[in-house]
Amino acid sequence: MSQQVEDEEILSKFREEKTRNEAFNLLIKKYQQKIYWHVRRMVINHDDADDVAQDTFIKVWKSLANFRNDAQLYTWMYRIATNECITFLNKKKAKNNIPLDDVSFELAESLADSTYFNGDRAQQKLQEALLTLPDKQRLVFNMKYYDDMKYEEISDVLGTSVGALKASFHLAVKKIEHHLLSND
Amino acid sequence: MKSEEDDKTWLNDYPSLKQVAKSNPFTVPDGYFDELHQRAMSRAFLDGLNANTELGFIVPDYYFEEFPGNLQSRIAVENAFENQDLGFTVPANYFENMQANLQSRINIEEALEQTNGNFTVPANYFEEMQASLQARINIEEALHRTNGDFIVPADFFEDQHQQINSRIAVEEVLNGQHEGFTVPENYFDNLQKAILAKTAKPVVKRDAVIRRLVTSGVFKYAAAACFVMAIGGTVFFNQYESPEAKHNRSYIHKALATVPDADIIDYLQTHMDAADTPTLLDDASQSNTGTLSVDDLQKYLDTH
């Protein structure tokens, strides 16, 4: 409830010209980590995540004046971040002219060499298993497993029905379990 | 009733996944989130500035609207320079007809050179030309000889007619000058009367006041004494004045003083005769020739 109030306060301040910067500053401080980790789990590399997260906030700055209260500010920003992630991954694929599977392999390699990854072997294997999934399944799994988001919220972010999301999530879990068992 | 999200029993079906720690395995650099919102804010403002000002660069009004037209003009100019047209044009088919036109011009020039331009001369003109020229030369020489070796200024005869006309015009002007002025009728008849009338005016006589300058009788004796002294002084100085001083004061001396001696000698040699010698000697005796003797003078005159 308090979060909702704060969102309303941020939006109210943003509508005023003299408090717009203050409102945006509050918005970034409140959601920067959630947005960053959502992006980071998708692009794996910290520097890439940093760029995509900043791009996400730029889009939020440009579009916040047109934000409608029929959606939660949180899910709205997640949708923007998700679109930025997908755009980034598609550009990466087009830039290197390599198949998406090879992109996943490259991301797995960067995960192994990443300075900013301190997970254990099981966590690393889980990330490698996630990289074998399609982007949309990975998104559903991440938001469900790590962010504990409701299917309705994920539906708002991805624009997919709750039933489809449930099927996608369970399919993703089966693939991950299979991957973890097969590599043991 | 537990919600779906709170129910983690589904993990029991996936034991491998259940064993993986749910904690976030990813890390970020120290202080990353402290700087993230600052960098995000900066980027947002920078992006806003870029959207509004296009990185601060501006273009003139309607630049992009006019850009295609300007570009087309530039291309046309460049093409013109490349073709070296430079804006000059030639009539249609100029270069195609140029060779034929030049050939026609050459033919005309050659035809003119070969013919005499359809001009003709009298029969035997060139045969008689030398004789005619010689005759003309003889006539000119004869005319020049009739001048009696007198010469006149250059273009004298050419200007003579004009000078005569100018002289006639001047004479006519001078002769008619007084006729251009008129006087009132009977002016001269009345002129004498008018003058006489002015001069015949009665003279106003005024009674003059006569005043005696000196009333004393002493003035009479003083005036008589001065008169006697003036006469006496004159006689006294004339009596004791030398002949040379008298001669120097004479008219003949003053008149001849400005005449050079050479002119006097020439005059005497031309106009003197023997009869003048005694007179000259008499005059010499009265002149400043005291150092010469009469014999010397006689001898000089006889020899000269």
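In what follows, every chain begins at residue 1, and chains take the letters A, B, ... in the order their sequences are listed.
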Toward chain B, the part of A:Q124 with a non-hydrogen atom under 4.5 Å: neither
Ring-ring centroid check A:Y146 A:W37, cutoff 6.0 Å: no
For A:H38, the option from A:Y78, A:Y31, A:Y74 that meets ring pair (Phe, Tyr, Trp, His ring centres under 6.0 Å): A:Y78
Parallel, tilted or perpendicular: rings of A:Y36 and B:Y32 (30°, 60°): tilted
Under 3.5 Å donor-acceptor, A:R40 side chain and B:T27 backbone: yes
Segment of A:L27 engaging chain B (4.5 angstrom heavy-atom cut-off): neither
Option that, when pairs with chain A are counted at under 4.5 Å, heavy atom only, ranks first among B:S23, B:P15, B:P29, B:A21: B:P29
Contact origin within A:K174 toward chain B - heavy atom pairs under 4.5 Å: both
